[in-house]
Amino acid sequence: TWLFPYNTYKYPVVWSAKDSPLTSGEQFFYQIVEHTRKPSYIRAMADKFQEKFLNGPYIAFHYRYDAGEWSSVCARPQQGRKGEVCVVLEKTGSKGLALALTRFILQTNAFISGSGNKKSTIYVASPPTEAKKIKEVLNLAGAIMAGEGWTLDIVTTIDASNFLESEYPSCELMQYKEEVLSLLEQELSYRGDYFIFSELSGWSANVRKERILDDKYFYEMSVIKLIEDFGPFSTNYTTTELYSKAEQNDQTAENSLGGGMRLPSITQN
């Protein structure tokens, strides 16, 4: 049974922590995870990519809410958490997501690197069809952070795809490039010092299982939780100094990107 990248059977998962004592089923599950790490060639690719693009602490961000699929999902009434996710996606524009990420980094001083420099690095994994759009959102976040004296280095799925093509052009595995790219990005997300994951995504769930095994579950948050806690619907959105500054910088940032950006999901506001 190959656990990654897709689920092939049902098993118990302790999402919040590896509580002790675990049930026999949970113990068996974690033994499977421990012995089905990414293949050595994927880990070697990740080592090489990190050395070139992610030399230092970084936030891993998996954005899975692509427009086509989630437009169809949220067009129908949804129950439970899926319905709550649809509400958040419908109300949040690209500006809201960019500001939520900006506020999270600035308020937590997340992963300052360099000699006293205010700099953060983020790796964003997304469906290839959404990679360009999500990079625009991150560029907006970077422009807002620049106004606060911070540098945001942005590395994306586009960089990983180009890396595979340039570094392994004659490798026979490139005939399965999409699968290799997906596994490479899962490995990079697993290695992230912090992980922002997409709820209801099996891809994110696979990464989280491996992070739980290695006690990295303290350092993660969902995209939806990020928006709820740090975005335009949070209780102190309009009262914090950050947001007043961000509003002033936002128009300049959007102009630099040509304007008209939208969150890469179903939203159009």
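Reckoned from all heavy atoms, side chains included, excluding hydrogens, waters and symmetry mates.
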Verdict with reasoning, Arg208 to Phe197, per side chain to side chain contact (heavy atoms under 4.5 Å, CB included) = CA-CA 8 Å; Arg208 294 184 69 201; Phe197 62 88; 3.5 Å; yes

With a 4.5 Å limit on heavy-atom distance, are the side chains of [X] and [Y] in contact?
| X | Y | value |
| --- | --- | --- |
| Val180 | Ile42 | yes |
| Asp47 | Arg191 | yes |
| Asp153 | Phe53 | no |
| Asp193 | Tyr219 | no |
| Lys48 | Tyr168 | yes |
| Ile227 | Leu97 | yes |

Can you tell me how far [atom2] of [Y] sits from [atom1] of [X], rounded to the nearest 0.5 angstrom?
| X | Y | atom1 | atom2 | value |
| --- | --- | --- | --- | --- |
| Lys38 | Arg43 | NZ | CZ | 9.5 Å |
| Phe230 | Leu99 | CZ | CG | 13.0 Å |
| Glu185 | Trp203 | CD | CH2 | 5.5 Å |
| Glu210 | Leu213 | CD | CG | 7.5 Å |
| Leu181 | Met45 | CG | CE | 10.5 Å |
| Phe104 | Ile196 | CZ | CD1 | 5.5 Å |

Any donor-acceptor pair under 3.5 Å from [X] side chain to [Y] backbone:
| X | Y | answer |
| --- | --- | --- |
| Ser182 | Glu178 | no |
| Arg64 | Glu199 | no |
| Asp229 | Leu226 | no |
| Ser198 | Ser201 | no |
| Thr157 | Ser126 | yes |
| Glu167 | Leu164 | no |
| Tyr58 | Thr121 | no |
| Glu165 | Asn162 | no |

Nearest heavy-atom neighbours spanning [X] and [Y]:
| X | Y | result |
| --- | --- | --- |
| Ala60 | Gly192 | CB-CA, 4.2 Å |
| Gln27 | Leu22 | NE2-O, 3.1 Å |
| Lys118 | Gly149 | CB-O, 3.7 Å |
| Ile105 | Ser120 | CG2-OG, 3.5 Å |
| Leu184 | Phe163 | CD2-CD2, 4.5 Å |

Measure from NZ or CZ of Lys216 to the centre of the six-membered ring of Tyr190 and say whether it is under 6.0 Å with the direction within 45° of the ring axis.
-> yes

On the ring face of Phe195, is Arg211 found with NZ or CZ under 6.0 Å from the centre and within 45° of the axis?
-> no

Determine, stepwise, if the pair Asp214 / Lys209 fulfils salt bridge (Lys or Arg N to Asp or Glu O under 4.0 Å).
-> CA-CA 9 Å; Asp214 291 337; Lys209 291 162 193 167; over 6 Å; no

Decide whether Val124 and Ile158 are clustered together by the hydrophobic rule: side chain heavy atoms of Ile, Leu, Val, Met, Phe, Trp, Tyr closer than 4.5 Å, transitively.
->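 As far as the 4.5 Å side-chain criterion goes, Ile158 and Val124 are not connected within one cluster.
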
Assess the side chains of His62 and Ser204: does a donor N or O sit below 3.5 Å from an acceptor N or O?
->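 The criterion, which ignores hydrogens and geometry beyond distance, is satisfied for Ser204 and His62.
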
No-hydrogen, no-angle side-chain donor-acceptor test under 3.5 Å, Lys177 and Ser161 |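 A pair is found: one side chain offers a donor N or O, the other an acceptor, under 3.5 Å apart.
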
Stepwise side chain to side chain contact (heavy atoms under 4.5 Å, CB included) check, Ile134 with Thr156 = CA-CA 9 Å; Ile134 195 65; Thr156 73; 5.6 Å; no

Over 12 non-hydrogen atoms of neighbours within 6.0 angstrom of CD in Gln175 =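 For Gln175, atom CD is crowded (more than 12 foreign heavy atoms under 6.0 Å).
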
Using the side chain to side chain contact (heavy atoms under 4.5 Å, CB included) rule, take Tyr123 and Ile154 through it: C-alpha gap first, then chi angles, then the decisive distance, then the call.
-> CA-CA 6 Å; Tyr123 180 81; Ile154 303 164; over 6 Å; no

Determine, stepwise, if the pair Val137 / Leu140 fulfils side chain to side chain contact (heavy atoms under 4.5 Å, CB included).
-> CA-CA 5 Å; Val137 173; Leu140 175 57; 5.7 Å; no

